[in-house]
Amino acid sequence: MNPHFSATRRVLLVAFASLIATTRALGQTAAYPQRPIKLIVPNAPASSLDTIARLVSNLLAPVLQQAIVVDNRAGASGALGVEAGRTSAADGYTLIVASSSSMTVAPLLQRAARYDPMQDFDFITLLAQLPNALVCYPALPVHSVAELIAWAKAKEGRSNMASAGIGSVSHLAGVALQSAGGFQSLHVPYKGGSQGVASVVSGETDWVLTPAPAAMGLVAAGRLRLLAHSMAADTQPLGDTPAIAQTLPGFEFSSWIGLMAPKGLPSAVSQVLQQALSQTLQQPELRKAFEPHGAVPSPGTPQAFREFLVQDIERNRKAIQLAGVQPE
């Protein structure tokens, strides 16, 4: 065979294969999505994660022109739901609502979390950042962070703190607050954020530092007293509510929510989702819906989301070591 002809043939074959791959990718972009999308929320209904996920999905569905079905899979600080998502088909029809609880805390503290957040998933975008809200039972004689600390110290360990469960964001945030404030409260873990917050409403527990979406509706109804938020001292995500850092300088312990997919998501599908979410997160309607929860829309690239998670894992690793929380 003529060597020149052979080389030319190889070049043509490579070019043809590349053209086929590009055509398929474009076709997949045009076709996706063709059926309802399942959105795994690794938390209980009415939890902060669930609240934000439903606000986003309700406006994302019309943009994608397809139904989005929320599938709540609570347990092990989100590890059970994330694992269910990890083993799903990487076709864009199963997506995972990731959070600081499931992707940062659970892998560090839960043996049930057998996944690697940096290696086992494809990143799509960060959805929102949100503060934790420090709330207490309205009948308590406290109206500020300083008063809560003084009251808890006077109780000499007889006060108690609710959480969404051992290793949850509310657990770690509460332990970090106690460490920073130099006081102790008995930890009372519940099975999910909504149950933990409900225990404070009923007076079964005294206080909780919980993701804001789980508490702000109850604050507005007068069933919880809002004392402070957990973002930086110079921010105001919850109106004129002060930051904990104004009383305890340097204290910051907030949450985030993002969207991931099982590893191997086709790039064309990822691009469709990124564009649709960018459009959704910029809608004034969504920003208005986020405001009562203190959530700040945070769209970005998959790489920016990945870098953000690296930093969050390290920040929480240090907080866990400081708090002395052990893996379970």
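Since we're looking at a predicted model, the values are computed, not measured.
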Hey, what else clusters with V69 if you join Ile, Leu, Val, Met, Phe, Trp, Tyr whenever side-chain heavy atoms sit under 4.5 Å? none
Taking NZ, NE, NH1 and NH2 as the nitrogens, is one of them in R86 or E83 under 4.0 Å from a carboxylate oxygen of the other? yes
For residues 259-295, which residue pairs qualify under ring pair (Phe, Tyr, Trp, His ring centres under 6.0 Å), counting only residues two or more places apart or in two chains? none
List in chain and number order the residues that pass side-chain hydrogen bond (donor to acceptor under 3.5 Å, both in side chains) with T94, two or more places apart in sequence or in another chain; answer none if no residue qualifies. none
Are any of the side-chain nitrogens in E314 or R317 under 4.0 Å away from the carboxylate oxygens of its partner? yes
Inter-residue atom distance L248.CG - L177.CG, 0.5 Å rounding: 6.5 Å
Drop me the distance from L209's CG to S170's OG, to the nearest 0.5 angstrom. 8.0 Å
Using the six-membered ring of Y93, assess whether NZ or CZ of R35 lies under 6.0 Å from its centre and within 45 degrees of the ring axis. yes
Rounded distance (nearest 0.5 Å) linking atom CZ of R225 with atom CG of L148: 11.0 Å
Tracing side-chain contacts under 4.5 Å among Ile, Leu, Val, Met, Phe, Trp and Tyr outward from L126 reaches V82, I96, M103, Y115, M118, F121, F123, W256, M260, F305, F308, L309, V310, I313
Residue pairs, two or more places apart or on separate chains, that pass side chain to side chain donor-acceptor pair (under 3.5 Å) and touch residues 146-159: S159-S185
Could you give me the CA-CA distance, side-chain angles and deciding distance for S100 and D312, then say whether side chain to side chain contact (heavy atoms under 4.5 Å, CB included) is met? CA-CA 8 Å; S100 42; D312 193 57; 3.8 Å; yes
Separation between CG of L134 and CG of L226, rounded to the nearest 0.5 Å: 8.0 Å
Got a second to check how far I257's CD1 is from S298's OG, nearest 0.5 Å? 10.0 Å
With a 4.5 Å cut-off on side-chain heavy atoms, are L172 and I320 touching? yes
To the nearest 0.5 Å, atom CG of L259 lies from atom CG of L39 at 6.5 Å
Partners meeting ring-ring contact (aromatic ring centres under 6.0 Å, His included) with H171 (sequence neighbours left out): H187
Is any side-chain N of the basic residue among K263 and D122 closer than 4.0 Å to the acidic one's carboxylate O? yes
Would you say CD of Q184 has more than 12 non-hydrogen atoms from neighbouring residues, nucleotides or ligands within 6.0 angstrom? no
